Amino acid sequence: MYNIKQITDDLYWVGGNDRRLALFENVYPIPGGVSYNSYVLIDEKTVLLDTADSAITELFTENVKAALNGRKLDYIIINHMEPDHSASLQRIADLYPEARVVTSAKAKTMIQQYFDFDMSRVDTVAEGDTLTTGRHTLTFVTAPMVHWPEVLFTFDTTDGTLFSADAFGTFGALGGNIFADEVNFETEWLPEARRYYTNIVGKYGPQVQKALAKAGGLDIRRICPLHGPVWRENIGWFIDKYAHWAAYQPEDKAVVVFVGSVYGHTENAAEVLASAIADEGVRDVRVYDVSVTDASYLVAEAFRASHLVFASATYNNEIFTKMEQFLIELKEHAFRGRTAAVIENGTWAPQAGKKICAMLGEMKDMTILEPQVTIRSAAKESQRESLVELAKAVAASVK
């Protein structure tokens, strides 16, 4: 049975949800599932904006038929060719053989790579091109590397609706409420929106800033992303979040402690430090074990907070394995612009500290606080003073 939602008098959500998928892109845990959003515009000409993942093809095709309500489909706009949004293209194209496919030149090449497709049906558009469907005029905005090179935004200049591809998306399956103002977005959805952005798009901050600059020139009254809720209220608040993330600016003046501990001794030192930072009046200090927390959550927290502490054992004369992997993730996401502190542990030859500092030094605009604290095997009472001293330095920097 079809399941569609009306957004405006002539615009419908025709997507679906996947609550069984464990790993998004076979990398990122999604315990709350994910939505695959697609939209149908009913005008003198009918338009389908993006398709859907193969996991929901059957429901998706029912939804499209229901929204069209006996009308033929005139246009299929492909804003993003990633398979979670384009896998059902062949099915829809076969069901509606008269429909023209409208997309970017780079996406046209990708269609040939993914499908055996009649390319004579594909029309390419570039920055500023328009498509008039009757009452509506759709303008195309290029958004390369947000987060693939072929990406388009489609802007409905008539109603102020931005079809934003993967921009402004979030992890999480939708319930009956598809609008951001119908859910507790700030408390329940924002962490997953942040985790989605930082891990999927985070590397491409400069490109996102360019896309945001273009969006700033549009009269946006609604945002329809390809994942997560549709925005129709408080849009500026969410755009501001994107602006912070894209500029690698922390959202919060906050401290996050990341711990890589083998037998618990490094963790003990980190806990003492966290308590001492809290004693200095810093609120909401968070501590994460990098061995048990998926790196996608760690990356998101690093993007959120202004001050980071890396506490690591020395392992095989290197940084503790999971900590090193986390630091590599940060570097690969072009992470920058934070204040950091370091605790190292080593039974016979502490090496983690200098190697962490070296990796942080490869990231732009990083400040490393003194003193670095070295633990040999286990923290002793005689080292409490050095941990408290570091805590005071961290707290002073936060304040």
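Not measured: the values here are computed from a predicted model.
For the pair Asp129 (side chain) and Phe140 (backbone), a donor-acceptor distance under 3.5 Å is absent. Using a distance-only test at 3.5 Å, with no hydrogens or angles considered, no donor-acceptor pair links the side chain of Asn177 to the main chain of Phe179. Side-chain N or O atoms of Arg336 include one that pairs as donor or acceptor with a backbone N or O of Ala334 at under 3.5 Å. Under a 3.5 Å cut-off, the side chain of Arg20 and the backbone N or O of Gly33 do not form any donor-acceptor pair. No side-chain donor-acceptor contact under 3.5 Å links Ser88 to the backbone of Ser54. For Gln209 (side chain) and Leu212 (main-chain N/O), no donor-acceptor pair under 3.5 Å exists by modelled atom type. Between the side chain of Asp84 and the main chain of Asp53, no donor-acceptor pair closer than 3.5 Å is present. Lys355 contributes a side-chain N or O that, together with a main-chain N or O of Asn317, makes up a donor-acceptor pair within less than 3.5 Å. Judged by distance alone, the side chain of Ser306 and the main-chain N or O of Pro250 form no donor-acceptor pair under 3.5 Å. In this structure, Asp156 contributes its side chain and Leu138 its backbone to no donor-acceptor pair below 3.5 Å.
A single hydrophobic cluster is seen to contain both Met323 and Tyr288, as judged by linkage of ILVMFWY side chains at heavy-atom distances under 4.5 Å, directly or through other members. Residues Tyr197 and Phe185 fall within the same hydrophobic cluster, defined by Ile, Leu, Val, Met, Phe, Trp and Tyr side chains chained together at heavy-atom separations under 4.5 Å. Cluster membership for Trp148 and Leu226, using ILVMFWY side-chain heavy atoms within less than 4.5 angstrom, is not shared. Transitive grouping of hydrophobic side chains (ILVMFWY, heavy atoms separated by less than 4.5 Å) brings Ile235 and Val183 into a common cluster.
In this view, Glu251 and Arg194, Lys241 satisfy the salt bridge (Lys or Arg N to Asp or Glu O under 4.0 Å) rule, not counting sequence neighbours. Residues meeting the side-chain hydrogen bond (donor to acceptor under 3.5 Å, both in side chains) test with Arg286, sequence neighbours left out: Asp284, Glu301.
In Lys399, the NZ atom is crowded: over 12 heavy atoms of neighbouring residues, nucleotides or ligands sit closer than 6.0 Å. Environment of CG in Asp219: crowded, with over 12 heavy atoms of neighbouring residues, nucleotides or ligands closer than 6.0 Å. Within 6.0 Å of atom OH in Tyr2, 12 or fewer heavy atoms from other residues, nucleotides or ligands are found, so the atom counts as exposed in its surroundings. Environment of CZ in Arg19: crowded, with over 12 heavy atoms of neighbouring residues, nucleotides or ligands closer than 6.0 Å. No more than 12 heavy atoms of other residues, nucleotides or ligands lie within 6.0 Å of CG in Asp9, so this atom counts as exposed by the packing criterion.
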Trace of the side chain to side chain donor-acceptor pair (under 3.5 Å) decision for Glu192 with Thr170 | CA-CA 6 Å; Glu192 288 296 79; Thr170 179; over 6 Å; no
For side chain to side chain donor-acceptor pair (under 3.5 Å), just list the numbers for Ser296 and Arg195, CA-CA rounded to whole Å, side-chain angles, deciding distance to a tenth of an Å, and then say yes or no.
-> CA-CA 6 Å; Ser296 66; Arg195 190 165 68 94; 2.9 Å; yes
Phe155/Phe163 under ring pair (Phe, Tyr, Trp, His ring centres under 6.0 Å): CA gap, chis, key distance, verdict | CA-CA 6 Å; Phe155 183 62; Phe163 299 93; 9.1 Å; no
Report the C-alpha distance between Thr347 and Ser377 in whole Å, list the side-chain angles of each, state the deciding distance to 0.1 Å, and finish with yes or no for side chain to side chain donor-acceptor pair (under 3.5 Å).
-> CA-CA 5 Å; Thr347 296; Ser377 299; 3.2 Å; yes
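Side-chain N/O atoms of Ser104 and Glu150 include no donor and acceptor closer than 3.5 Å. Between the side chains of Asp166 and Tyr196, at least one donor N or O lies within less than 3.5 Å of an accepting N or O. Looking at Lys214 and Thr142, their side chains do bring a donor and an acceptor atom within 3.5 Å of each other. Side-chain contact of Glu82 with His147: a donor-acceptor pair under 3.5 Å is present, judged by distance alone. One side chain, His307 or Ser397, offers a donor N or O that lies under 3.5 Å from an acceptor on the other. Defined by atom type and a distance below 3.5 Å, a donor-acceptor pair is missing between the side-chain atoms of His85 and Asn37.
A heavy-atom distance below 4.5 Å is not found between the side chains of Thr198 and Phe335. Within the 4.5 Å cutoff, the side chain of Leu298 has heavy atoms near those of the Val290 side chain. Using a 4.5 Å cut-off on side-chain heavy atoms (C-beta onward), Val64 and Leu48 make contact. Two residues are said to be in side-chain contact when any heavy atoms from C-beta on lie closer than 4.5 Å; Val125 and Leu131 fail this criterion. For the pair Asp74/Thr133, no side-chain contact is recorded, criterion being any heavy-atom separation below 4.5 Å from C-beta on.
For the residue pair Glu44 and Gly134, the shortest heavy atom distance occurs at CD-CA, 3.7 Å. Residues Glu25 and Ile200 approach most closely at OE1-CD1, 3.7 Å, considering heavy atoms. Among all heavy-atom pairs drawn from Lys331 and Glu362, the shortest one is NZ-OE1, 2.7 Å. For the residue pair Ile7 and Cys224, the shortest heavy atom distance occurs at CD1-SG, 4.3 Å. Pairing each heavy atom of Thr314 with each of Pro350, the nearest pair is OG1-CA, 3.6 Å. Residues Val40 and Ile42 come closest through the heavy atom pair CG1-CD1, 3.6 Å.
Of the listed residues (Leu73, Asn63, Val14), just one forms a side chain to side chain contact (heavy atoms under 4.5 Å, CB included) with Leu68, and that residue is Leu73. Checking Glu188, Glu182, Glu186 one by one against Asn184, the side chain to side chain donor-acceptor pair (under 3.5 Å) holds for a single residue, Glu188. Under the ring pair (Phe, Tyr, Trp, His ring centres under 6.0 Å) test applied with His227, the options Trp189, Phe171, Phe24, Tyr28 reduce to a single match, Phe24.
Ser38 contributes atom OG, which lies 11.5 Å from atom CD1 of Ile4 (distance to the nearest 0.5 angstrom). Rounded to the nearest 0.5 Å, atoms NZ (Lys392) and CG (Asp279) are 10.5 Å apart. Here OG1 of Thr61 is found 6.5 Å from CG of Leu95. Values are rounded to the nearest 0.5 Å. Between the CH2 atom of Trp13 and the CD atom of Gln6 there is a distance of 14.0 Å, given to the nearest 0.5 Å. In this structure, the separation between OG1 on Thr161 and CG on Leu41 is 8.5 Å, given to the nearest 0.5 Å.
Below 30°, between 30° and 60°, or above 60°: for Tyr248 and Phe303 the angle between ring planes is between 30° and 60°, a tilted geometry. The aromatic rings of Phe168 and Phe238 sit tilted, their planes meeting at an angle between 30° and 60°.
Among pairs with a residue in residues 252-280, those fulfilling ring pair (Phe, Tyr, Trp, His ring centres under 6.0 Å) read Phe258-Phe310, Phe258-Phe326, at least two apart in sequence or across chains.
No cation-pi contact links Arg100 to Tyr75, judged by a cut-off of 6.0 Å to the six-membered ring centre and 45° from its axis.
With respect to Lys108 and Asp123, no salt bridge is recorded, no charged nitrogen being found less than 4.0 Å from a carboxylate O. One finds a salt bridge joining Arg304 and Asp252 here, because a Lys/Arg side-chain nitrogen approaches an Asp/Glu carboxylate oxygen to under 4.0 Å. Looking at Arg221 and Asp159, no side-chain N of the basic residue comes within less than 4.0 Å of a carboxylate O on the acidic one, giving no salt bridge.
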